[in-house]
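Whatever order the structure lists them in is the order used to number ligands and atoms, beginning at 1.
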Amino acid sequence: QTATPPARPQVVLLATGGTIAGAGATAANSASYQAAKVPVDKLIAGVPELAQVAQVRGEQVFQIASESFTNEHLLTLGKRVAALAKQPDVDGIVITHGTDTLEETAYFLNLTVHTDKPVVVVGSMRPSTAISADGALNLLNAVTTAAAKDSRGKGVLVVMNDEIHTGRDVSKSVNIKTEAFRSPWGPLGMVVEGKTYWFRAPVKRHTTGSEFDIEQIGALPAVSIAYGSGNADDTAYRAFAAKGAKAIIHAGTGNGSVAAPVVPALRELRAQGVQIVRSARVTAGGFVLRNAEQPDDQYDWVVSHDLNPQKARILTMVALARGADSKALQRMFMEY
Ligand SMILES: NC(=O)C[C@H](N)C(=O)O
């Protein structure tokens, strides 16, 4: 008598484009190529080893380079992930994504999708046509992680270069090497030869523990990022507000410091109702504390704590969509 083999976990692969679906003219083209060319069925067929790990089915949600992701793309993708996560015939979800804004989408899903099931975002640095393309192994590792029971309840994950990161912390930190993604507080684990290895778990609120819910979000408010530098002036801040920004993220120098000629504009905009969030443009671990550098209590500004400007934009959007005032927004920056 032969025992029936255990049923393989069912993983849905949502394809959105990016370099992992990219194609170059020759195998030598690792950096010049067109993103978002290869359809989802070809992506799955290109890695036959996936079938040993899970029963994988694919959906083409978009076919775009991730620098062109809009708020509408985030909402469409988030609602699809939430709907799939409710289905009993889905054990895990993998999203293939361009790497440029992957960290924003991963954090958005981490904040808004209420599920314990593994949701894993993955990309690649080289197109599938390149020598030593990294997409195939990244995809196999992502499906392995999405199919693993021990990945449940850890929030939205990002798998790149054999590492498992929390979607909250991870950021594209190098733009040419395959070891492009880093988390300032370290990865959560590794995935090696079809097995996950965990070393830590996220402590910030996410997914089932989050007060944000994709199913309750109809639209996201305009939130813009203005970059701090030497010789700074207030042009960008005023222009964003004039165009209707409900909040401005200040990608500040150092620990979110604000140049003297910019301060009066930010105080005026705050008085007009625009939320001001001080973040930091430093890349290897920004850390902005209230009332350090600027009197946030007096000006009614918010600090992003350790979230980089692009992640601060995501949290501010979902917070304002829920009607948060500056006090609630500051609490959320400490909790998420
Ligand atoms: N490596 C990549 O995926 C970069 C590409 N520009 C994208 O984000 O879609």
Identity and distance of the protein heavy atom lying nearest [atom]:
| atom | answer |
| --- | --- |
| atom 1 (N) of ligand 1 | T99 OG1, 2.6 Å |
| atom 5 (C) of ligand 1 | T19 OG1, 3.5 Å |
| atom 8 (O) of ligand 1 | S66 OG, 2.5 Å |

Near [X], which atoms of ligand 1 are under 4.0 Å from a heavy atom of that residue?
| X | result |
| --- | --- |
| E67 | 5 (C), 6 (N), 7 (C), 8 (O), 9 (O) |
| G18 | 9 (O) |
| A65 | 9 (O) |
| G98 | 3 (O), 7 (C), 8 (O), 9 (O) |

*Side-chain contact, heavy-atom cut-off 4.5 Å: T105 with L77?*
yes
Can a side-chain donor-acceptor contact be found between [Y] and [X] if the only test is distance below 3.5 angstrom?
| X | Y | result |
| --- | --- | --- |
| R205 | Y336 | yes |
| Y33 | T19 | yes |
| T144 | N141 | no |

_Tell me whether ligand 1 is touched by S124 - counting only heavy atoms on the residue side and a distance under 4.0 Å._
yes
*Between the side chain of R278 and the main-chain N/O of V288, is any donor-acceptor distance below 3.5 Å?*
no
*Spell out, as yes or no, whether a donor-acceptor pair under 3.5 Å connects the side chain of N308 to the backbone of Q310.*
yes
*If you measure from OG on S326 to CG on D296, what distance do you get to the nearest 0.5 Å?*
10.5 Å
*Using distance alone, determine whether H97 and ligand 1 share an N or O pair under 3.5 Å.*
no
